[in-house]
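Data first, discussion second: the structure below is written as structure tokens.
It should be emphasised that the depicted structure is a prediction, and the values quoted were computed from it without experimental measurement. Counting starts at 1 for both ligands and their atoms, following the listed order.
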Amino acid sequence: MENLTELFGSKVFNDSTMKKRLPKETYKALQKTIKDGKHLDINIAHVVANSMKDWAIENGATHFTHWFQPMTGITAEKHDSFISPTDDGKVIMEFSGKELVQGEPDASSFPSGGLRATFEARGYTAWDPTSYAFIKGNTLCIPTAFCSYGGEALDKKTPLLRSMEAINRQAMRVLKLFGNEDVTSVKTTVGPEQEYFLVDKEMYDKRPDLIFTGRTLFGAMPPKGQELDDHYFGTIKSKVAAFMEDLNKELWKLGILAKTEHNEVAPAQHELAPIFTTTNIATDHNQLTMELMQRIAKKHGMVCLLHEKPFDGVNGSGKHNNWSISTNTGKNLLDPGETPHENAQFLLFLCSVIKAVDDYQDMLRISVASAGNDHRLGANEAPPAIVSMFLGDELEAILKSIENDEGYDAKEKTIMKVGVHVLPRFAKDTTDRNRTSPFAFTGNKFEFRMLGSTASISGANIVLNTSVAESLKQFADELEGAEDFNLALHELIKRTIKDHKRIIFNGNGYDDSWIEEAEKRGLLNLKTTPDCLPYYVSEKNIKLFTEHKVLTEPEIRARYEIHLENYSKIINIEALTMLDMSKKDILPAASSFIKHLSDTVASKKAAVSGIDCEYEEDLIKKLSALTNEMYEKVNKLEADLADTAQYSDDAQKLAEYYKDTVIGDMTKIRAAADQIEVMTDRKYWPYPSYADLLFGVR
Ligand code: ADP
Ligand code: MG
């Protein structure tokens with residue numbers, strides 16, 4: 001492999017490239033924009049654009065694009081070439097400051113939830129200078145935010161950037177109270193661990209369900225699943241290893257800090273973890289990672305499945321959002337410090353997260369809700385749909401001692417006084433032991449584990465940043481007016497623990513008794529996407545987002561609408577795919593096999609009169625019963641899908657109908673089909689089996 005340090009970031013217009021290529025004054029002005037959010041003069045943008053273009057052309061680019069993240073959840077780009085005609089019939093390569101700063105893609109084909117009236121199709125993209133431009137293929141990609149012409153956010157980046165400003169504003173107020181004179185800004189950081197499956201491309205191509213929906217809608221369990229636990233951290237197959245090597249190289253070129261990779265629990269399942277970085281960059285990087293995973297898998301004759309539940313009965317895929325807050329001076333605010341003073345500050349930030357997760361459990365649940373993730377949350381493989389927090393025994397004991405003014409150390413009986421005592425160092429392995437918690441403290445950060453593998457991490461981080469900003473705002477309001485700061489701080493922490501301790505749960509989140517216990521504590525258990533989405537537009541949540549200027553009320557209502565529509569559309573596509581596969585492949589295959597069996601019976605009886613054909617006749621009876629049953633359920637699904645028309649003007653009701661009626665029909669069709677598969681001669685079965693898919697990459 002080439003020199004890794006040279007390879008890293010070689011396709012990124014990053015700080016060191018800018019320093020090298022930009023005139024000193026331009027570089028300084030741009031830094032001001034990046035670090036302090038200062039407005040960038042168009043003349044400076046011109047210089048930056050020109051330098052970016054020269055660099056991009058030297059690196060093989062011919063086109064540029066504003067790269068953005070519309071509400072579809074995937075990234076969008078429209079390529080323009082740099083060429084500009086000259087009088088003598090030739091071309092020169094041009095890229096202006098205006099083209100860098102602003103673009104005008106047609107917004108009419110992206111989901112807007114009614115924000116963009118059809119007569120006003122224009123939208124615009126605006127450069128996000130805090131995320132570096134990069135080259136993908138032959139195109140210079142400029143990370144941008146995407147808005148309607150009226151300025152409403154139509155994307156996932158705009159509110160994320162706004163939420164980072166919100167938490168910066170409020171955290172700075174709190175940090176001032178602790179006398180942190182050298183700190184000028186605060187950012188949240190994220191390291192998202194990404195799970196995925198790899199399947200053989202030829203087999204994938206034979207499965208319409210994988211092609212149209214990203215998951216298998218049919219498939220009986222193979223003789224071997226994940227029960228032996230022999231895949232987790234197992235030796236990586238050479239084909240997969242070659243893919244990973246290739247992927248890493250491409251990610252490194254883009255400055256993405258891919259660090260850890262290993263096999264996951266399920267066969268054919270793997271994970272990639274990057275080193276954490278600033279939240280909006282981590283979000284861009286995660287989108288790119290998912291895109292590259294899919295592209296590079298194809299080069300290796302495989303397909304990367306990012307769906308949350310590609311296979312029934314086998315673990316699904318999620319994303320762990322490791323999240324923390326740190327200052328521009330490099331201090332992680334969720335890292336307990338060395339002095340009583342630092343510890344007091346840590347405890348307050350810890351409390352701000354505890355309060356936020358309790359107050360906004362509904363929004364956190366919504367931020368991970370999707371048709372795909374509904375298959376995971378609450379099943380015995382992923383965190384339950386109930387949001388709770390794990391702090392570890394040690395930290396919980398400390399909080400308890402503060403709450404009750406009791407000793408937390410059994411031997412010393414020390415009563416924890418905030419601002420006086422030094423906290424013990426938490427051993428990482430004790431804080432990280434609980435794998436069933438949706439939201440776990442892991443020593444110096446929180447790990448939010450409910451995210452689905454396909455989703456953009458932007459939604460979850462918008463909610464985290466904004467809800468913690470709200471806690472910090474309330475804390476600052478109270479402490480700024482306090483006469484005795486230490487006393488007020490102690491009382492505030494004590495009260496926060498008392499008021500919000502119901503959200504803390506250190507036990508097994510997969511246990512049924514937890515569901516009962518959580519209900520007693522008054523925690524929400526929102527099982528599905530249609531169950532949780534109405535909370536989006538509650539008064540409390542609208543107040544949160546509008547007060548912190550993260551989303552306006554029309555933007556929130558639009559997002560609620562988009563989310564609902566997306567859910568219904570996905571189930572509808574799945575249902576139609578299921579009908580198609582049932583009618584055109586599965587039922588005909590079963591019929592052919594039944595005919596084969598019947599012909600066999602006839603010829604056996606012709607050969608030997610009175611011969612007993614128990615095996616064939618038994619199978620014919622069983623298969624006929626199952627195919628009749630399946631046919632009936634197929635007809636029911638068809639009729640129920642036609643009935644969706646009655647909810648065409650009520651997106652919430654429509655989503656509930658899909659959840660309650662359509663999914664029920666689909667489950668029954670699948671149950672019959674999977675039994676038919678088990679009884680049918682391999683030669684007649686139209687699709688690669690679960691065994692082929694899960695163990696097909698060798
Ligand atoms: P593990 O979860 O396997 O013990 P780590 O705790 O080292 O591994 O890291 C898991 C993920 O958390 C990595 O992506 C890592 O970069 C990220 N991470 C570590 N520290 C922070 C932080 N301060 N903020 C955000 N993410 C972090
Ligand atoms: Mg993890």
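- Using a 4.0 Å cut-off to heavy atoms of Ser324, the atoms of ligand 1 that qualify are 22 (C), 23 (N), 24 (N).
- If you run side chain to side chain contact (heavy atoms under 4.5 Å, CB included) between Asn541 and each of Val463, Asp359, Asp362, only Asp362 comes through.
- Asp128 places no side-chain N or O within 3.5 Å of a backbone atom of Pro143 that could act as its donor or acceptor partner.
- Taking every heavy atom of Ile275 and a limit of under 4.0 angstrom, the matching atoms of ligand 1 come to 16 (O).
- Side-chain contact annotation: Asn315 with Gln269, donor-acceptor N/O pair under 3.5 Å absent.
- At a 4.0 Å heavy-atom cut-off, ligand 1 touches Asn322 through backbone and side chain alike.
- Identified under the salt bridge (Lys or Arg N to Asp or Glu O under 4.0 Å) test for residues 166-175, with sequence neighbours left out: Arg173-Asp477, Arg173-Glu480.
- For a threshold of 3.5 Å applied to N or O pairs, the pair formed by Trp323 and ligand 1 contains no separation below that value.
- Geometrically, ligand 1 and Phe276 share a nitrogen or oxygen pair separated by less than 3.5 Å.
- Panel note: side chain Thr454, backbone Leu306; a donor-acceptor pair is recorded below 3.5 Å.
- The pair Glu250-Lys299 does not count as a salt bridge, with every side-chain nitrogen at least 4.0 angstrom from each carboxylate oxygen.
- Nearest residue to atom 15 (C) of ligand 1 from Ala258, Pro274, Ala273 is Pro274 (criterion: closest heavy atom).
- A donor atom on one side chain and an acceptor atom on the other are found under 3.5 Å apart for Asn14 and Thr17.
- Ligand 1 lies out of reach of Thr442, whose nearest heavy atom is not under 4.0 Å from it.
- Checked against a 3.5 angstrom limit, the closest N/O atoms of Lys445 and ligand 1 fall inside it.
- Near Gly191, with a cut-off below 4.0 Å to any heavy atom, the atoms of ligand 1 are 14 (O), 25 (C), 26 (N).
- Atoms of ligand 1 lying under 4.0 Å from any heavy atom of Asn332, numbered from 1 in the order shown and given with element: 23 (N).
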